[in-house]
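No hydrogens, no waters, no symmetry mates; every other heavy atom, side chains included, goes into these values. What you are looking at is a predicted structure, and each value in this text was computed from that prediction instead of being measured.
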Amino acid sequence: MAAISPEIRAHANMADRAPSSTAGMRAGDTPLVDAARRGCLADVVRLLTHGANVSNQITDGSGIKGVTALFIASELGHFAIVAALLTAK
């Protein structure tokens, strides 16, 4: 896995550090997909740093198969997360 760029890591370090919770996590989501869906760059960077697989795929609520954290982040306009995921790929 490629290293996370210093710019993305610095942005994540400035992000709100409130504790993350999986309480609202959708069934079938991976932690990385959940963090991407919530737009939490700090959690995405933390998960990538600890080896989260960017290529993991889920089936979303409407039955679409092959959805990734990158797909979710780009669909929702979380462009800093898109950059982090592309850097990690």
Side-chain angles (χ1 to χ4, degrees):
M1 174 172 56
I4 304 296
S5 76
E7 294 83 16
I8 292 171
R9 188 176 303 280
H11 184 70
N13 288 337
M14 291 185 290
D16 180 18
R17 291 301 188 145
S20 300
S21 170
T22 57
M25 207 164 133
R26 295 181 184 189
D29 276 4
T30 64
L32 186 59
V33 167
D34 178 62
R37 189 182 308 281
R38 290 183 290 110
C40 186
L41 180 60
D43 285 353
V44 168
V45 170
R46 196 173 303 116
L47 289 163
L48 292 173
T49 301
H50 287 92
N53 185 345
V54 178
S55 299
N56 278 349
Q57 300 177 2
I58 65 162
T59 300
D60 77 359
S62 60
I64 298 173
K65 296 180 181 180
V67 175
T68 63
L70 179 60
F71 177 87
I72 297 289
S74 62
E75 182 179 45
L76 296 175
H78 301 307
F79 301 118
I81 292 173
V82 169
L85 294 168
L86 289 173
T87 301
K89 250 186 158 184

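Rounding to the nearest 0.5 angstrom, the gap separating the CG atom in L48 from the CG atom in L32 is 5.5 Å.
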_Working for side-chain contact (heavy atoms from CB on, under 4.5 Å), residues N56 and V33_ = CA-CA 9 Å; N56 278 349; V33 167; over 6 Å; no
*Apply salt bridge (charged side-chain N to carboxylate O under 4.0 Å, His left out) to the pair R46 and D43, showing each step before the final yes or no.*
CA-CA 5 Å; R46 196 173 303 116; D43 285 353; 2.5 Å; yes
Indicate every side-chain donor-acceptor pair of residues 63-84 with a distance under 3.5 Å to a residue at least two apart or in another chain.
residue, atom, partner, partner atom, Å
T68, OG1, L70, N, 3.4
T68, OG1, F71, N, 3.2
S74, OG, L70, O, 3.0
S74, OG, F71, O, 3.0

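The two residues V44 and A35 come nearest to each other via the heavy atoms CG2-CB, 3.7 Å.
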